[in-house]
Amino acid sequence: MKDGGHITLTLSSGSASASVDERGRKSLRRAWNQLPRCQRNLIILGITAFCVTVLLCLSGDQLLAASLKDVDEKSIVAPYQLPMPNPHHHPGVDKDLPEVTAAEDKGPPRAEALKDKLNELIAYGDANSAENVVRLPETVVAQGPLQAVAQPPPEDNKDQDMGGIDILNNVEEPIIQEPRKPLGEREQLDEAIKSPLNMGGVSFKEHLKKIQPILAKGQHFHGATNERQSAVVAAFKHSWAGYKKYAWGHDNLKPISQYSHEWFGLGLTIVDSLDTMYIMGLDDEFKEARDWVENSLRFDTKRDVNLFEVTIRVLGGLLSAYHLSGDTMFLAKAAELGNRLLPAFLSPSNIPYSDVNLGDLSAHSPKWSPDSSTSEVTTIQLEFRDLSRSTNVSVYEQVAHKVNEKVHDLDKNHGLVPIFINANTGTFRNYATISLGARGDSYYEYLLKQWIQTGRKDNDNLILDYMQAIDGVLTQLMRRTPREHWVYIGELINGKDFKPKMDHLTCYLPGTLILGHQNGMPDSHLILARDLMDTCYQTYMMNPTHLAAEISYFALTEKDDQDIYVKPNDAHNLLRPEFVESLYYFYSLTGNRTYQDMGWTIFQAFETHAKVNAGYTSMGNVKNTQNTRLRDLMESFWMSETLKYFYLLFSDDRKEIDLDQWVFNSEGHPLPVYPLKT
Ligand code: DMJ
């Protein structure tokens with residue numbers, strides 16, 4: 001009810017006391033009005049002075065606390081939008097503006113945002129405020145500035161035990177780190193080997209807190225968008241179901257006998273498949289694989305493993321899963337594995353031993369030879385460098401780069417390398433074969449890819465060695481068949497005698513060559529790439545199964561019956577990826593859909609001849625559709641490489657993975673390209 005501009009509340013109970021208050025207020029007002037005006041002014045002045053004094057006595061912190069409390073309690077509706085991690089952001093393009101997804105668009109409530117902002121300032125360091133910097137140990141700081149802009153980790157990763165980082169805890173309990181004396185390279189190596197569960201002298205968990213600003217943000221993939229991609233996803237699911245049912249936790253599936261196959265005891269198929277599942281958008285499968293890695297993948301078993309295989313499949317698989325998902329559990333696992341692989345580098349020559357015992361942390365040459373394979377010791381650098389850049393601990397990159405330097409200094413045959421190298425003497429084996437197939441292949445691949453990974457430095461030894469090597473390929477190893485002029489890459493037996501034999505493994509080369517051409521290599525590389533693509537495709541199409549044999553031979557003269565032929569013992573197919581990989585590079589870099597059609601023909605051939613009830617299998621004979629002699633093994637690279645490259649080849653978006661921003665390791669695991677270090 002309105003009364004002379006005032007609102008009077010009438011309460012049913014307690015109305016008597018309300019009228020007493022009313023009377024008191026009226027007499028107070030009357031007394032105030034009877035005072036002379038100057039007296040009233042003096043009283044007002046006195047009250048104002050008292051209030052100002054009280055306010056000045058309160059500390060800044062109390063005021064801030066009061067204002068935050070105020071914000072909390074009033075629960076302000078309008079959100080304060082902070083920059084959020086961009087799921088589409090590709091590494092190396094830090095100037096990208098963040099995109100905001102529908103989920104992120106809601107934004108945190110303002111109070112949360114203010115707290116986050118404060119935490120961000122404190123945790124990530126304000127350049128002008130010494131108190132606000134979370135200090136890195138000197139060994140870490142010495143390696144150079146942190147490379148990425150600080151971003152909170154993805155929401156669902158925050159609570160993970162190994163890597164979940166609670167920014168609030170970070171603020172409330174700052175780590176007071178005694179400044180450490182910078183360790184020398186050898187000391188870092190010894191320390192990592194002595195304490196494989198530590199990093200830079202502290203637990204992974206502590207270390208992850210320190211490298212918060214450079215942690216991966218994670219990427220978003222939308223899943224299959226057309227029938228061909230869906231068919232590949234179905235093939236993946238079929239393979240996964242068989243593996244899960246008959247070989248879960250073991251290295252490989254034997255899909256005919258429906259049993260498991262053990263090699264290193266590291267669940268190879270699971271780790272190798274992680275990033276493929278992530279890219280395909282198979283969230284449930286990715287989650288079960290992720291949980292297995294967290295809870296069951298152990299590296300402390302006393303068992304010899306091959307440094308190269310474990311590096312490209314397991315270390316590469318974990319690192320790629322980390323970069324794509326942003327889940328730091330994978331990085332912590334990768335770091336432990338990296339530490340346990342380090343004993344391989346304790347050789348007199350800096351060329352690593354081929355075998356490492358992850359449990360007792362020892363290393364040695366293979367049992368059958370004093371030598372390591374050249375491709376093996378030169379195909380670990382992408383992964384070890386990425387581990388260093390991801391953890392901000394330099395030792396991994398250092399030991400792996402020393403191999404580059406050592407091999408660079410060795411004499412070569414027109415840039416071509418023998419396929420064996422001795423870890424004790426650091427020299428190539430005299431008169432060893434030169435080949436771009438088994439034991440030689442990825443030496444050439446990693447020269448180019450490392451150069452791309454490190455920001456394409458002018459006149460870098462990696463790219464100079466690569467260019468010299470491809471010149472050597474063109475002048476020493478490349479030939480044409482006499483009638484149909486198929487281009488192929490032969491081998492030099494004893495380092496000198498030409499043999500017209502080409503492994504299917506060599507069919508990775510067209511993809512690498514076109515990638516190099518895209519990055520400034522001469523047109524001669526592109527022409528070789530195109531011609532070799534035709535030949536590799538022919539090694540599939542010439543067989544009635546439309547699948548390629550492991551090894552093909554080529555006619556030297558017109559006396560040979562066929563231009564391309566396969567010997568009975570070489571007619572097997574192990575579900576290898578190399579040609580599909582090259583098709584993918586050609587499609588991704590040119591946009592020409594012909595390569596998709598070629599790939600589709602091959603995919604259908606795998607469907608027809610390699611698919612069995614429990615998965616897909618290798619076979620002994622691609623030359624007879626009625627007698628393929630199924631072999632009973634599904635290698636992990638079927639799911640890490642062959643199916644991944646098929647899937648990306650059939651993508652409507654040829655840059656679903658942008659080759660300017662990502663570099664695939666030799667097992668098909670994408671790793672980020674880093675900016676050039678200045
Ligand atoms: C894979 O493990 C890798 O691609 C390696 O570089 C060569 N061999 C297989 C696939 O054929």
Side-chain angles (χ1 to χ4, degrees), residues 85 91 116 119-120 122-125 132-178 180 183 188 191-192 195-219 274 290-291 293-295 297 299 314-315 317-342 383-397 671-672 674:
D116 286 352
N119 290 332
E120 198 178 46
I122 296 165
Y124 304 153
N132 284 347
V133 177
V134 174
R135 291 174 207 287
L136 300 177
E138 281 173 36
T139 43
V140 176
V141 173
Q143 290 155 19
L146 299 174
Q147 297 141 357
V149 178
Q151 293 285 357
E155 204 52 46
D156 52 356
N157 294 336
K158 281 187 178 166
D159 294 326
Q160 285 147 18
D161 187 41
M162 293 296 283
I165 289 167
D166 182 342
I167 300 175
L168 284 175
N169 283 344
N170 210 12
V171 175
E172 287 166 7
E173 296 171 33
I175 308 154
I176 313 283
Q177 189 79 41
E178 283 296 313
R180 291 183 86 210
L183 295 181
Q188 281 191 51
E191 187 178 280
S195 316
L197 288 170
N198 278 5
M199 173 139 291
V202 296
S203 72
F204 288 142
K205 202 170 172 181
E206 292 304 309
H207 186 77
L208 285 169
K209 284 183 187 170
K210 291 179 196 151
I211 60 168
Q212 169 81 21
I214 63 164
L215 293 180
K217 303 166 191 92
Q219 305 289 316
L274 285 162
R290 182 228 171 266
D291 290 348
V293 169
E294 181 174 40
N295 302 317
L297 178 58
F299 298 127
V314 186
L315 187 57
L318 291 170
L319 287 169
S320 192
Y322 159 66
H323 288 291
L324 296 183
S325 69
D327 186 339
T328 52
M329 182 277 295
F330 294 120
L331 182 60
K333 285 280 181 189
E336 183 194 345
L337 177 59
N339 286 344
R340 291 182 181 277
L341 289 170
L342 285 176
E383 299 80 0
F384 275 74
R385 179 176 294 106
D386 187 74
L387 182 57
S388 273
R389 304 280 175 110
S390 299
T391 57
N392 215 23
V393 171
S394 61
V395 65
Y396 315 103
E397 178 165 1
L671 299 172
Y674 290 95

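Annotation: the span from Met329 atom CE to Leu297 atom CG amounts to 8.5 Å, rounded to 0.5 Å. In this structure, OG in Ser203 is found 8.0 Å from NZ in Lys209, a value given to the nearest 0.5 Å. Atom CD of Glu191 and atom CG of Asn339 lie 9.5 Å apart (nearest 0.5 Å). Atom OG in Ser388 sits 12.5 Å away from atom CD in Glu383 (nearest 0.5 Å). For the atom pair OG1 (Thr328) and CD (Gln212), the distance works out to 9.0 Å, reported to the nearest 0.5 Å. The structure places CG of Leu342 at 9.5 Å from CG of Leu337, a figure rounded to the nearest 0.5 Å.
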- Working for side chain to side chain contact (heavy atoms under 4.5 Å, CB included), residues Val202 and Lys210: CA-CA 10 Å; Val202 296; Lys210 291 179 196 151; 3.4 Å; yes
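Annotation: ring-ring contact (aromatic ring centres under 6.0 Å, His included) contacts of Phe384 (sequence neighbours excluded): Phe345. Not counting sequence neighbours, the partners of Ala321 by the side-chain contact (heavy atoms from CB on, under 4.5 Å) test are Leu274, Phe330. Residues that satisfy the side-chain hydrogen bond (donor to acceptor under 3.5 Å, both in side chains) test with Asp386, not counting sequence neighbours, are His323, Ser390, Tyr674.
Nearest approach of Ile214 to Tyr322, heavy atoms of both residues: O-OH, 4.2 Å. Across every non-hydrogen atom of Leu387 and Gly338, the tightest pair is CD2-CA, 3.7 Å.
Two residues are said to be in side-chain contact when any heavy atoms from C-beta on lie closer than 4.5 Å; Lys205 and Leu208 fail this criterion. Between Val395 and Leu183, the closest side-chain pair of non-hydrogen atoms is not below 4.5 Å. Contact check for Phe204 versus Thr391: no side-chain heavy atoms found under the 4.5 Å cut-off. Taking the side chain as every heavy atom from C-beta outward, Arg385 and Leu671 never approach each other to under 4.5 Å.
Contact check on Glu336 versus Lys333 returns no salt bridge, with no Lys/Arg side-chain nitrogen under 4.0 Å from an Asp/Glu carboxylate oxygen.
With Ser325 contributing its side chain and Gly218 its backbone, the two residues share no donor-acceptor pair below 3.5 Å.
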